[in-house]
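Taking it in order: structure first as structure tokens, then the write-up.
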Protein chains: 2
Amino acid sequence: MKNESIVAAKKVVHLKAITDTCQLCHAKDLCMSSCLKPDDMERFKHIIGHRAPMDRGQRLYMAGEHINSIYVLHSGSVKSYLESEDGESQITGFYLPGDVIGIHGLKNATHSDTVEALETSSVCALRFSKIEDISTAFPPLQNQIMRFVFSEMDHDQEMMMVLGKMSADRRMAYFLLDMAKRLKNQGLSNSRINLTMTRHDIANYLGLAVETVSRILTRMQKSEIIDVERRSITILDHAKLKNTYSCVEDDIVNSHFQ
Amino acid sequence: MKNESIVAAKKVVHLKAITDTCQLCHAKDLCMSSCLKPDDMERFKHIIGHRAPMDRGQRLYMAGEHINSIYVLHSGSVKSYLESEDGESQITGFYLPGDVIGIHGLKNATHSDTVEALETSSVCALRFSKIEDISTAFPPLQNQIMRFVFSEMDHDQEMMMVLGKMSADRRMAYFLLDMAKRLKNQGLSNSRINLTMTRHDIANYLGLAVETVSRILTRMQKSEIIDVERRSITILDHAKLKNTYSCVEDDIVNSHFQ
DNA sequence: CGATGTATTGAACTCGATCAAACAGTGTGG
DNA sequence: CCACACTGTTTGATCGAGTTCAATACATCG
């Protein structure tokens, strides 16, 4: 979140044919383009374009900028965050390939969050002049985008519960289980989590201090719930982790079922 | 949030003509129907319907129910909340006339939150079998709904900042300023806030304990920022309240500008 | 009038923050 | 290759904002 970090160049890299691009894309099954048939693709060439890949720390867009595209993350991972007047920032989400980015702030056609790459990442842009253009252009695409808008709403609401009601341990358990679930959707293991964000990022996202995150991770390791090795976390005991998340006291569980 | 409270009867009260209904509605300027011309109304008679008014504590819908309508609050006020497995609940929003309700959970066509009346309230329902029906039916209406979906996303994201980063005092200031702003939009005073929710509700919404809310209100009253009289709160000093919200130390402000 | 739901106030406690310091990778340049 | 700087992580000690517990006050309503 350094101020010096460079905003990614807005150069659009047109690949030889958008049809090929989407067909060859390794995120195509996750992407909203999966709803498009090859002949539909032809119609949408002009609104779809790949951006030059971003390095870690580079920004895709910043809060306050006019929205002229929404994006699908093609590879890598990014974080989005809000900044308040007094300079505090709140990470609002971490995104993985296939996720749709840039849908917050559409009400005023102005990005309300800033998106920054956590590692080398690339996106596919969906350009438009008015958001209604996408609506009217092609219903299946519109619906697919809406699915992502709706799941983003579900996530944001879920975060209210996490930030408003849960203890530090529960928040951490939530984070790990959520990441595991999403990585599984990516076709990866649901036990091995390779984090691309710092402890600081995790802490900020969960409304905790870095030290608390660190302490909870070591505590969970000692309880043999997870194995921590720098940025690589392995879930050893899914059940225990879920119990931590569900806030069910182990003692109570045991006394009931044994 | 008592379990005994009765779910509002799903009886639809058809008023003599929907055209009249919307024309006479005192929330029409706030409502999304404002985008419809009188002759459009005719086309939408069949999907728009008024529900019988709800008493305080009655629920409009509950989490888990299939979504077959979204609603515009016609009169009164309601709260929405999530419930976790272990019975904890988190209030996610308070809604005023003109607000669109029931758009969370559309991804799975299942309400993710529960909506409960804070006072005698009535809604106008927009029925549909598939959410896409609204999309395709009439673009202006679709766009109007999307505006509300987008502003809901902005709110939810804002709440992450409030719950994740702000002190109890800032949260309270945020709540009061937000309510004042929204009541002003209703054509009411932006200084006199007549709350329809309990301190318990406010505390739950802001991720605080009831006692904390109570203490902060009395403290703010002693500082002559607000005047508290049961559920009626008057903002006496907007500037001071905004300073509390922006987390700008009074001392610093004074030393800079005096 | 008592009963019930709601709000305030005080006292004690606790979870997680803050402060402080050490430690571990990673990269840079001599 | 090592010395140095730099960033990110861990661990310990202390502190405090806000919770929890407990008691009281206050309104409204049968």
Side-chain angles (χ1 to χ4, degrees), chain A residues 1-5 55-57 79 88 90-91 116 118-119 162-175 194-222 226-233 244 247 249, chain B residues 1-5 55-57 79 88 90-91 116 118-120 162-175 193-222 226-233 244 247 249:
Chain A
M1 257 164 279
K2 293 179 297 182
N3 278 326
E4 315 87 59
S5 73
D55 290 333
R56 174 177 165 76
K79 66 179 173 188
E88 259 181 327
Q90 169 70 44
I91 295 180
E116 188 178 315
L118 293 167
E119 61 187 315
V162 171
L163 296 171
K165 293 285 169 295
M166 295 189 187
S167 68
D169 297 75
R170 286 187 75 182
R171 294 184 201 195
M172 200 63 224
Y174 162 79
F175 173 75
N194 257 307
L195 298 174
T196 54
M197 69 291 284
T198 66
R199 301 277 193 274
H200 218 102
D201 286 336
I202 300 172
N204 182 299
Y205 178 58
L206 297 176
L208 302 170
V210 208
E211 295 92 328
T212 307
V213 167
S214 184
R215 270 184 255 271
I216 291 174
L217 287 177
T218 31
R219 207 186 306 152
M220 282 183 170
Q221 185 166 33
K222 275 175 190 155
I226 58 171
D227 184 62
V228 183
E229 203 187 329
R230 284 190 59 68
R231 298 271 179 98
S232 169
I233 295 180
T244 310
C247 193
E249 301 295 323
Chain B
M1 257 163 282
K2 293 180 297 182
N3 279 324
E4 316 86 60
S5 73
D55 290 333
R56 173 178 165 77
K79 66 179 173 187
E88 259 180 328
Q90 168 71 44
I91 295 180
E116 188 178 314
L118 292 168
E119 61 186 317
T120 305
V162 171
L163 296 171
K165 294 283 168 296
M166 294 189 187
S167 68
D169 298 75
R170 286 187 74 181
R171 293 184 203 197
M172 201 62 223
Y174 162 78
F175 173 75
I193 303 172
N194 257 307
L195 299 174
T196 54
M197 68 292 285
T198 65
R199 300 279 193 272
H200 217 102
D201 286 337
I202 300 171
N204 181 300
Y205 178 59
L206 297 176
L208 301 170
V210 210
E211 294 91 331
T212 308
V213 168
S214 185
R215 271 184 256 271
I216 291 174
L217 286 177
T218 31
R219 207 186 306 151
M220 282 181 169
Q221 186 166 31
K222 275 175 191 157
I226 58 170
D227 185 62
V228 183
E229 204 187 329
R230 282 191 63 67
R231 298 273 179 97
S232 169
I233 295 180
T244 310
C247 195
E249 301 295 323

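Below, chain A is the first sequence line, B the second, and so on; all start at residue 1.
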Item checked: Rounded distance in Å - CZ (R171(A)) to P (dG16(C)) -> 8 Å
Next item on the list: May I have the distance from R199(A) (atom CZ) to dG16(C) (atom C1'), rounded to whole angstrom?
Entry: 18 Å
Item checked: Whole-Å gap separating P (dT10(D)) and CE (M172(A)) -> 10 Å
Next item on the list: Could you state the atom-to-atom distance from CD of Q221(A) to P of dT10(D) in whole Å?
Entry: 9 Å
Note to self: What I want to find out is whether E119(A) reaches R231(A) closely enough, with some N-O distance under 4.0 Å, to be called a salt bridge.
What the structure shows: no
Item checked: Heavy-atom check, side chain of I202(A) versus side chain of I91(A), under 4.5 Å -> no
Next item on the list: Give the rounded distance in Å between these two atoms: CD1 of I202(A) and P of dG8(D).
Entry: 13 Å
Next item on the list: Could you tell me which non-hydrogen atom of Y205(A) sits nearest to which non-hydrogen atom of Q90(A), and how far apart they are?
Entry: O-NE2, 3.4 Å
Notebook entry, point to check: How is A168(A) classified with respect to the nucleic acid when contacts are heavy atoms under 4.0 Å: base, sugar-phosphate, or nothing?
Noted result: sugar-phosphate
Next item on the list: By nearest nucleotide on DNA chain C, pick out whichever of R230(A) and S167(A) is the more 5' one.
Entry: S167(A)
Margin query: On the side chain of R215(A), is there an atom forming a donor-acceptor pair with the base of dG12(D) - under 3.5 Å, no angle test?
Written below: yes
Item checked: Rounded distance in Å - CZ (R219(A)) to C1' (dT9(D)) -> 16 Å
Notebook entry, point to check: What is the nucleic acid contact for T198(B), judged by heavy atoms within less than 4.0 Å: base, sugar-phosphate only, or nothing?
Noted result: sugar-phosphate
Next item on the list: Just call it for L217(B): base, sugar-phosphate, or nothing, with non-hydrogen atoms closer than 4.0 Å on any strand.
Entry: nothing
Notebook entry, point to check: Nearest-Å distance, CE (M197(A)) to P (dT7(D))?
Noted result: 21 Å
Notebook entry, point to check: Touch check for T212(B), heavy atoms < 4.0 angstrom, all strands: base, sugar-phosphate only, or nothing?
Noted result: base
Notebook entry, point to check: Roughly, in whole Å, what's the span from CD in E211(B) to C1' in dA17(D)?
Noted result: 14 Å
Note to self: Using a 4.0 Å heavy-atom cut-off, does R231(A) contact any base of the nucleic acid, only the sugar-phosphate backbone, or nothing at all?
What the structure shows: sugar-phosphate
Notebook entry, point to check: Which pair of heavy atoms, one from M172(A) and one from L217(A), lies closest together, and at what distance?
Noted result: CE-CD2, 3.7 Å
Item checked: Upstream residue (5' side of DNA chain C) when T218(B) and D169(A) are each assigned their closest nucleotide -> T218(B)
Notebook entry, point to check: Are the side chains of R219(B) and D169(B) in touch, meaning some heavy atoms are under 4.5 Å apart?
Noted result: yes
Note to self: For a quick check of understanding: with a heavy-atom distance under 4.0 Å over all strands, which category does R170(B) fall into, base, sugar-phosphate or nothing?
What the structure shows: nothing
